[in-house]
Protein chains: 2
Amino acid sequence: MSSGKKAVVRIKDIALKAKVSTGTVDRVIHNRGRVAEDVKERVLKILKELNYEPNIMARMLGSKKQYVFAALLPDHSYDAFWMAPKLGIEKAEQDLRQYGVSVEQYVFNPHDPQDYVKMATKLTKKNPDGILLSPIYYNETLPFFEKWNEAKIPFVLFNTQIAEYDPLSYIGQDSYQSGLLAAKLVHYGQPNPCSILIAHIDEEISNAQHLVKKEQGFRNYFIQQNLSHHYNIISTELNRSSQSGFIKKLDEILESTLDLKQIFVTTSQAYDIAKYLNQRHVKNIKLIGYDLIAPNLYYLENGDISFLINQNPKGQGYWGIYQLAEHIVFKKEVPILKYLPLDVVTNENLNYFRDEKGSTFVEI
Amino acid sequence: MSSGKKAVVRIKDIALKAKVSTGTVDRVIHNRGRVAEDVKERVLKILKELNYEPNIMARMLGSKKQYVFAALLPDHSYDAFWMAPKLGIEKAEQDLRQYGVSVEQYVFNPHDPQDYVKMATKLTKKNPDGILLSPIYYNETLPFFEKWNEAKIPFVLFNTQIAEYDPLSYIGQDSYQSGLLAAKLVHYGQPNPCSILIAHIDEEISNAQHLVKKEQGFRNYFIQQNLSHHYNIISTELNRSSQSGFIKKLDEILESTLDLKQIFVTTSQAYDIAKYLNQRHVKNIKLIGYDLIAPNLYYLENGDISFLINQNPKGQGYWGIYQLAEHIVFKKEVPILKYLPLDVVTNENLNYFRDEKGSTFVEI
DNA sequence: ATTCGTTGTGTGTTCGCACACATTTAATAA
DNA sequence: TTATTAAATGTGTGCGAACACACAACGAAT
């Protein structure tokens, strides 16, 4: 049952009780100095005694302070995955507009580290109040972390984690755990011995730590379940830059692996495997992939992809900006790590994860 | 790139553009009358044109209005499921406290319709500003809907839907769709012909429309996929009031259905089936159930339950109160129907749905 | 003795909205 | 015509915090 009529304490009440003016109380609260030591003590004591909490509405109202956040993220025209974070960022911007928050987006070509550096430099020059970024280039990112730390600009990472140079927080998925989850789904759908393919598409595995973790999680599931001998797990890196090379490599794998029953695609390109399997009229291989982008949804709906694991990319963008605001605008504490849930999406529950009416799901 | 310094539109701006005073604009906005028709039109047009949105901070600041909401829900000591909505309600209350919102909880014994009526009556006497309830008794609820409609108290339903007597909104899951989802999971894990059991536990199917819908969805999946001939789907109602009767009935089913491979429990008592299967040392039957309550999690973790479908009960409570506030406090429009996502939960992604640190997932 | 600077303190204004109150305009009755 | 009233519109104030500014007191330097 809720508590009664808890009289709200105002600065005025504090001032009255301490026999000073509101200005003095204000100076004490904000530690602006110019208050006699004994008076300060007295006010501080009463502040704590009456459990004063500032009225956020009033605080926000008065100050016309504008906060400019910067978001550094890949251009979605190169990879549709990045559309969703962008939408999340824009939704957060809209929700926070009345608190004086605006977000400037700095978009780079995800295949060009130099462009990444260029945009990061440009962003830094603007000296924003907070930064949200997906640091897909490790080495190129570190110097900026140093700069931002020096300039005391808090930054939040999403989608890709770099633990060094403490960010304000990281928002994204737990890649290892998501590998475990994929393995569970594979195992559940394929209890009998067979071969399983892990496919990394269009990414240099040496440069993409999160894919390595996915694979580790996937393989470890079977080890933990004492099923290593049941399954023959192979992994490959595919590259779509050459369409014929892509197909040839898959042809080779299918020819040499007759009992292949499942393919786990660690990136968002499961649809390209589905397309290939369709072309080759292969029917008995099941597919699990990532991300609810349009081409994936097409194959999910007609059953060629069994499951998609949703990384909630829109939530990542939204929550990233929101975390910045929580810290900078509302001056609240924020968790350093914010893992978003691993959503198992099938044709049957797709509608609730799909971004139709501009809604998405995030943590409260 | 984000839009520039879009100056926020104030009543003053509207007034200026419409060549009237702020008072007139105010009257138009709040529909207080006493405005000439043509002026009203003009202001309305500009309002829409400039996309005016009231500044919530300023609005809240001025009025020290207190809102009291009432929540009518079953006592969680009878059924652990109801703990989560309660937590959600309390979290929403906390989040909304600074807008003057408080929530009074009216808790009833879910096995006693009279207690339900008693608490509903008590609640109604308090004349709250809004009501959130789970109307588990259809007939007993209708008269209250009428009363509340007369008294113009908006009410929001959660978990159980009653479409008549339009509520402000309904928050919960789509039972039919969730049956479809369960069927998909069953089918995926059991591609070969077998028998499947649908078990309704501790509920009169005649009095629980949502269970019927779950079964319909489940069965229709196989019909839609042209798999009816592959699977022998049987359903049963079990009652735990007699432990021996419960076991005897299950014994009979298992004896007479040798190829039983999957059991779909439509209620939150999958753990009791898991317990039974353990006692009988049955290993090759897979289980799918609902709700992340402790005993279910136990069996999910040790693998006896394959999947749990999460109904996001905490989110239902949270969002229910939040909807009321959106409508009553913030005077925004709210969707009549709010389906929460159907979460597929396994041991591998459980942690993100579990309510550990007081967090839960809801739509933004 | 005056001027200055420093420290401590109080006052007044602003933010956008809601609502009470004041004033103007138009319509109608005497 | 003027008085009376209703309708239409304008003005003013408070909400609580933040912050600019005013001002008093006092010692030090000129």
Side-chain angles (χ1 to χ4, degrees), chain A residues 5-44 46-47 50-67 96-101 328-332, chain B residues 5-44 46-47 50-67 97-100 328-332:
Chain A
K5 42 201 75 243
K6 175 87 153 286
V8 178
V9 182
R10 294 114 67 208
I11 283 189
K12 215 169 150 183
D13 304 314
I14 304 292
L16 197 70
K17 190 148 196 210
K19 294 201 179 75
V20 292
S21 72
T22 60
T24 300
V25 176
D26 179 72
R27 276 182 289 268
V28 172
I29 288 172
H30 294 88
N31 216 359
R32 290 196 230 278
R34 319 228 131 182
V35 179
E37 197 53 39
D38 58 327
V39 176
K40 182 174 173 181
E41 296 285 300
R42 183 152 40 103
V43 171
L44 238 28
I46 295 174
L47 236 26
L50 298 191
N51 196 21
Y52 169 79
E53 279 197 26
N55 180 322
I56 295 182
M57 264 91 62
R59 165 176 290 174
M60 300 308 299
L61 185 57
S63 96
K64 72 226 78 181
K65 189 162 177 52
Q66 294 292 311
Y67 299 93
L96 292 165
R97 210 188 44 214
Q98 46 181 325
Y99 301 102
V101 171
I328 298 168
V329 182
F330 304 119
K331 295 169 180 28
K332 286 188 188 171
Chain B
K5 43 206 75 241
K6 178 74 159 290
V8 176
V9 182
R10 293 113 69 212
I11 284 187
K12 214 169 150 183
D13 302 315
I14 304 292
L16 197 69
K17 187 144 196 213
K19 294 201 179 78
V20 293
S21 72
T22 59
T24 300
V25 177
D26 180 71
R27 277 183 288 268
V28 172
I29 288 173
H30 294 88
N31 219 357
R32 291 195 228 280
R34 319 231 129 183
V35 179
E37 198 52 40
D38 58 327
V39 176
K40 183 174 172 180
E41 296 283 301
R42 181 153 40 102
V43 171
L44 239 28
I46 295 173
L47 236 25
L50 299 192
N51 196 21
Y52 169 78
E53 279 197 27
N55 180 322
I56 296 178
M57 263 91 59
R59 168 175 290 175
M60 300 309 297
L61 186 57
S63 94
K64 73 226 78 179
K65 191 162 177 49
Q66 295 290 313
Y67 300 92
R97 212 189 41 216
Q98 51 180 318
Y99 300 104
I328 299 168
V329 182
F330 304 121
K331 294 166 175 45
K332 287 188 187 171

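By convention in this document, chain letters (A, B, ...) are assigned in the order of the sequence lines, proteins followed by strands, and residues within each chain are numbered from 1. In this text, all values refer to a predicted model and were calculated from it rather than measured experimentally.
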**Q** Do any N or O atoms from the side chain of A:Arg42 and from the backbone of A:Ala18 form a donor-acceptor pair under 3.5 angstrom?
**A**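 At least one qualifying donor-acceptor pair exists.
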**Q** Distance under 4.0 Å to a non-hydrogen atom of chain A counts as contact; along DNA chain D, which nucleotides mark the start and end?
**A**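 Range of nucleotides within reach of chain A: D:dG16 to D:dC19.
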**Q** Within the structure provided, determine whether B:Leu44 and B:Leu47 are in side-chain contact (heavy-atom separation under 4.5 Å).
**A** yes
**Q** Whole angstrom is fine here: how far is it from CG in A:Leu16 over to P in C:dG10?
**A** 12 Å
**Q** For B:Arg97, does the CZ atom have more than 12 heavy-atom neighbours from other residues, nucleotides or ligands under 6.0 Å away?
**A**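 Open.
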**Q** Using a cut-off of 4.0 Å between protein heavy atoms and nucleotide atoms, how would you tag nucleotides 12-24 of chain C 5' to 3' with B, S and -?
**A** ---BBSBB-----
**Q** Looking at A:Tyr99 versus A:Phe330, is the centre-to-centre ring distance below 6.0 Å?
**A** yes
**Q** Does B:Asn31 reach the main-chain N or O of B:Val28 with its side chain, forming a donor-acceptor pair under 3.5 Å?
**A** no
**Q** Got a sec: does the NZ of A:Lys12 have more than 12 other heavy atoms crowding it under 6.0 Å?
**A**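 Counting other residues, nucleotides and ligands, NZ of A:Lys12 stays at 12 neighbours or fewer.
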**Q** Is it true that atom CZ of B:Arg34 has more than 12 heavy atoms of other residues, nucleotides or ligands lying nearer than 6.0 Å?
**A** no
**Q** Is any side-chain heavy atom of A:Ile29 less than 4.5 Å from a side-chain heavy atom of A:Ile11?
**A**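 Yes, their side chains come closer than 4.5 Å.
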